Amino acid sequence: MHDIRLGEARVRLGEPRQVTEGVDYHWFPSLAKFPTGELMLSHLLVADTNENHLNGNGVCISRDHGETWDAPYEVTGFIGGCAVRVPLPDGGLGAPGYYAYPDPTGRSTGLVGHYETFTDGGRRYSLEPWAVRIEGLPRPVAPSPYTGRWGRHWMFQFCFWGDAVDLGGEVVSLAYLRY
């Protein structure tokens with residue numbers, strides 16, 4: 001163990017633990033904690049490019065504060081390190097998808113995206129297509145210059161990113177975009 005003091009704060013560094021390893025694509029690792037205590041490590045299993053036809057992620061779960069980890073499993077549909085994870089009342093984690101799209105159902109004039117949930121301490125994953133609605137922006141979001149050339153995913157220059165903060169029943173998150 002090694003302690004670092006930053007003013008009043010103390011950071012304790014323990015021995016590093018290797019959770020998973022891969023050849024080529026183990027990009028953008030992200031660590032999240034379920035309200036029920038489990039830790040979830042996720043990482044991209046695809047190249048760091050928008051040319052991917054699918055998005056794949058590796059997910060590992062720890063039930064003992066990171067001492068040991070379950071074997072990784074793979075899911076598709078979300079972007080591991082980029083997702084804004086929101087603690088849910090049932091002990092799960094929810095997240096809007098990274099990308100935004102024009103509404104294929106025609107129900108919205110804004111942008112839409114998918115919504116992912118991990119429940120049961122990371123043992124269950126589900127994706128709700130087109131469940132996230134982005135409306136009320138002051139002006140149109142710019143189309144991505146990479147659509148077509150870099151794949152179908154990044155159609156607009158809008159991305160959810162970072163942390164989510166619960167303000168007592170209302171969750172506030174970050175996104176970046178280009179008009």
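Note: hydrogens, waters and symmetry copies are ignored here, and every other heavy atom, side chains too, is used. What you are looking at is a predicted structure, and each value in this text was computed from that prediction instead of being measured.
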Quick one: pull up CZ in R124 and OG1 in T119 and give me the separation to the nearest 0.5 Å.
5.5 Å

Side chain to side chain contact (heavy atoms under 4.5 Å, CB included) with R5: which residues, sequence neighbours excluded?
R10

Please report whether the ring centroid of W130 lies less than 6.0 Å from that of H114.
yes

Could you check if a side-chain atom of L93 sits within less than 4.5 angstrom of a side-chain atom of T117, using non-hydrogen atoms only?
no

If Ile, Leu, Val, Met, Phe, Trp and Tyr residues are connected whenever their side-chain heavy atoms lie under 4.5 Å apart, and connections chain through other members, are L174 and F28 in the same group?
no

Please report the shortest heavy-atom distance between G92 and P35, naming the atom on each side.
O-CD, 3.7 Å

Under the 3.5 angstrom rule, does the side chain of S62 hit a backbone N or O of T68 as a donor-acceptor pair?
yes

By side chain to side chain contact (heavy atoms under 4.5 Å, CB included), which residues pair with E67, not counting sequence neighbours?
R17, D64

Quick one: side chain to side chain donor-acceptor pair (under 3.5 Å) partners of D70, sequence neighbours excluded?
R63

Let me confirm one number: the CG-CG distance from L177 to L137, rounded to the nearest 0.5 Å.
6.5 Å

Is there a side-chain contact between L45 and H26, using heavy atoms and a 4.5 Å cut-off?
yes

Quick one: do the R85 and S42 side chains pair a donor with an acceptor below 3.5 Å?
yes

Do N57 and H43 come within less than 4.5 Å of each other through their side chains, counting heavy atoms only?
no

Note, V75 side chain near V59 side chain (heavy atom, < 4.5 Å):
yes

By side chain to side chain donor-acceptor pair (under 3.5 Å), which residues pair with E74, not counting sequence neighbours?
none

Should side-chain heavy atoms under 4.5 Å link Ile, Leu, Val, Met, Phe, Trp and Tyr, which residues sit in the same cluster as L39?
V19, L31, L41, W69

I want to check something: taking the side chain as every heavy atom from C-beta on, are F34 and F118 in contact at a cut-off of under 4.5 Å?
yes

With a cutoff of under 4.5 Å between side-chain heavy atoms, which Ile, Leu, Val, Met, Phe, Trp and Tyr residues group with V172?
V165, L167

